[in-house]
Amino acid sequence: VNPTVGIIGGGQLGRYLCEAAGPLGIRTVVMTPSRDDPAAPFADELVKGALDDLAAARSLVARVDVVTFEIESVGTGVLEFLARETAAGRVAVRPDPRILLLLQNKATQKRWLVEQELPTAPFRPFADAQGVRGAVESGHLPMPFVQKAQTGGYDGRGVHIVRNRAGMDDLLQGPCLVEDFVAHVAEIAVLVARGVDGELAVYDPVALRFEPEQHVLDEARSPAELADDLASRCRAIGARTVERLGGVGVFALELFLQADGALLVNEISPRVHNSGHLTIDACETSQFAQHLRAVAGLALGPVTQTAPAVMRNLLWRTGPGPATAVPAQVANSSARVYWYGKTDGRPWRKMGHLTALGPTVAAARAEADAACNSVLSLTRGACG
Ligand code: ADP
């Protein structure tokens with residue numbers, strides 16, 4: 001009999017983990033603050049609690065065989081508690097909570113990449129915006145540069161590109177790092193699954209497109225149409241990174257491709273990822289089923305892609321407001337629409353996504369375009 005899996009975090013990633021669990025014979029217990037969170041209705045059981053709620057974490061551990069995560073910003077106290085519980089043999093925690101402690105802070109993540117001689121943009125940590133200002137004023141920090149919050153950033157919140165003096169007016173507050181602005185010709189994601197016994201499965205690299213002002217993911221497409229040697233270098237960096245971490249589960253790497261062919265690691269996520277949503281429709285094993293297989297100690301599934309695919313995020317486009325769901329299938333497109341069940345829209349919030357398949361990436365994109373337009377009109381311009 002397969003283990004019961006506890007999932008910390010109740011967003012859309014948790015929702016699709018829960019959906020993938022049923023067919024695998026896995027029970028899920030989700031720990032999240034509210035019954036209204038996207039994963040809550042899909043979990044077999046709910047433990048109400050925030051990501052730093054130690055009592056909730058205790059209650060979760062008592063109910064499950066394996067604990068995993070759908071988000072990295074879990075409280076330090078909770079991660080330390082989980083590390084003690086797993087050391088005492090009371091529960092398995094996969095991936096290891098120490099990996100989350102390492103990666104949830106962008107400064108410690110970057111320092112680790114440098115130590116491991118994995119390629120990444122040069123960076124400097126700062127205690128606050130004042131430090132950044134001082135470095136600019138003394139001529140030690142040339143523009144353009146990118147300022148990032150050390151913790152808590154997501155979907156482009158916590159990333160600030162400073163191109164000129166005007167950009168200095170809205171520096172991010174609090175502990176941050178500054179890294180070189182990387183001129184890149186593409187952003188690529190690679191998803192790597194690693195099992196308890198070290199078995200690896202690496203998905204085909206996915207090409208990413210970001211919303212230019214907000215830096216939030218807008219589109220993912222696969223195949224990424226990369227030269228074979230480049231695709232294998234992406235896979236190799238992904239595999240090496242997850243092996244060095246000793247990670248178990250699905251991990252996502254975001255990479256910058258520079259004009260000279262160099263690859264730099266932008267970010268490692270110790271979890272399923274937005275760039276992997278198209279695996280639900282386009283791959284033999286979705287990232288969600290794969291993650292559960294890995295953390296439950298099952299053999300990994302095949303990662304073969306069965307059709308070219310384009311995924312679009314459905315982002316909230318207007319001011320705050322109540323959200324209305326749209327049908328899973330829109331009239332003029334074969335794309336499938338996934339709506340996360342979030343009841344309130346906020347600017348640039350991810351409300352859902354859609355995935356279109358086709359004989360070619362171009363054909364899939366045309367379907368995705370048609371479907372996005374339908375969603376925009378069905379939501380009267382609020383979301384698309
Ligand atoms: P988040 O944690 O919000 O995902 P990221 O570090 O992935 O933040 O940055 C979001 C986006 O901002 C990236 O995908 C990229 O488009 C842009 N970006 C981030 N760092 C750099 C950089 N050093 N140079 C150029 N663009 C960057």
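Each ligand, and each atom within it, is numbered from 1 in the order the structure gives. Side-chain atoms are counted along with the backbone in the values below, which use heavy atoms only and exclude waters and symmetry mates.
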Smallest heavy-atom separation, Ala335 atom then Ala356 atom, equals CB-CB, 3.9 Å
Taking distance alone, with no angle check, do Glu267 and ligand 1 share an N/O pair under 3.5 Å?
-> yes
Using 30° and 60° as the class limits, which term best fits the ring planes of Tyr16 and Phe288: parallel, tilted or perpendicular?
-> tilted
Quick note on ligand 1: atoms under 4.0 Å from a heavy atom of Asp180 include exactly 22 (C), 23 (N)
Atom 18 (N) of ligand 1 sits nearest the protein heavy atom Phe256 CZ, 3.9 Å
Is the centre of the His353 ring less than 6.0 Å from the centre of the Tyr340 ring?
-> yes
Within-shell test, Gly156 vs ligand 1, heavy atom, strictly < 4.0 Å | yes
Residues 164-172, side-chain donor-acceptor partners within the protein, below 3.5 Å, at least two apart:
residue	atom	partner	partner atom	Å
Asn164	OD1	Ala166	N	3.2
Asn164	OD1	Gly167	N	3.3
Asp170	OD1	His160	NE2	3.3

Go through ligand 1 atom by atom and flag the ones less than 4.0 Å from a non-hydrogen atom of Glu254.
-> 7 (O), 14 (O)
Output, in order, the C-alpha distance, side-chain angles, deciding distance and verdict of side chain to side chain donor-acceptor pair (under 3.5 Å) for Asn332 and Ser374.
-> CA-CA 8 Å; Asn332 58 340; Ser374 294; 2.6 Å; yes
Are any of the N/O atoms in Val182 less than 3.5 Å from those in ligand 1?
-> yes
Would Leu217 count as a contact of ligand 1 if the rule is a heavy atom under 4.0 Å away?
-> no
Looking only at protein heavy atoms, identify the closest one to atom 2 (O) of ligand 1 and say how far it is in Å.
-> Lys106 NZ, 2.8 Å
Which of the ligand 1 atoms, numbered from 1, are nearer than 4.0 Å to a heavy atom of Asp155 | 3 (O)
Report yes or no: do Arg15 and Gln12 form a side-chain donor-acceptor pair below 3.5 Å?
-> no
Could you tell me whether Glu199 and Arg194 make a salt bridge, using a distance below 4.0 angstrom between a side-chain N and a carboxylate O?
-> no
Gln104 versus Ser73, side-chain donor and acceptor atoms under 3.5 Å = no
Can you list the atoms of ligand 1 that are under 4.0 Å from a heavy atom of Glu187?
-> 13 (C), 14 (O), 15 (C), 16 (O)
Do any N or O atoms from the side chain of Thr279 and from the backbone of Cys283 form a donor-acceptor pair under 3.5 angstrom?
-> no
Which of the ligand 1 atoms, numbered from 1, are nearer than 4.0 Å to a heavy atom of Val159 | 5 (P), 8 (O), 9 (O), 12 (O)
If we number the atoms of ligand 1 from 1 as shown, the ones under 4.0 Å from a heavy atom of Lys148 are 6 (O), 19 (C), 20 (N)
For Phe181, the ligand 1 atoms with a heavy-atom partner under 4.0 Å come out as 24 (N), 25 (C)
Could you go through the side chain to side chain donor-acceptor pair (under 3.5 Å) check for Gln305 and Ser222 one step at a time?
-> CA-CA 9 Å; Gln305 192 172 335; Ser222 182; 2.6 Å; yes
After noting the C-alpha distance and the side-chain angles of Arg346 and Asp344, does the key distance pass the salt bridge (Lys or Arg N to Asp or Glu O under 4.0 Å) rule?
-> CA-CA 7 Å; Arg346 291 194 294 270; Asp344 51 326; 3.4 Å; yes
Could you pull out, from Val216, Leu208, Asn266, Asn274, the option with a heavy atom nearest to atom 5 (P) of ligand 1?
-> Asn266
Run down the list Glu179, Gln147, His215 and name the one with the heavy atom closest to atom 11 (C) of ligand 1.
-> His215
Heavy-atom nearest neighbour in the protein, as seen from atom 26 (N) of ligand 1, with distance rounded to 0.1 Å = His184 CE1, 3.7 Å
What is the nearest protein non-hydrogen atom to atom 22 (C) of ligand 1, stated with its residue, atom name and distance?
-> Val146 CG2, 3.5 Å
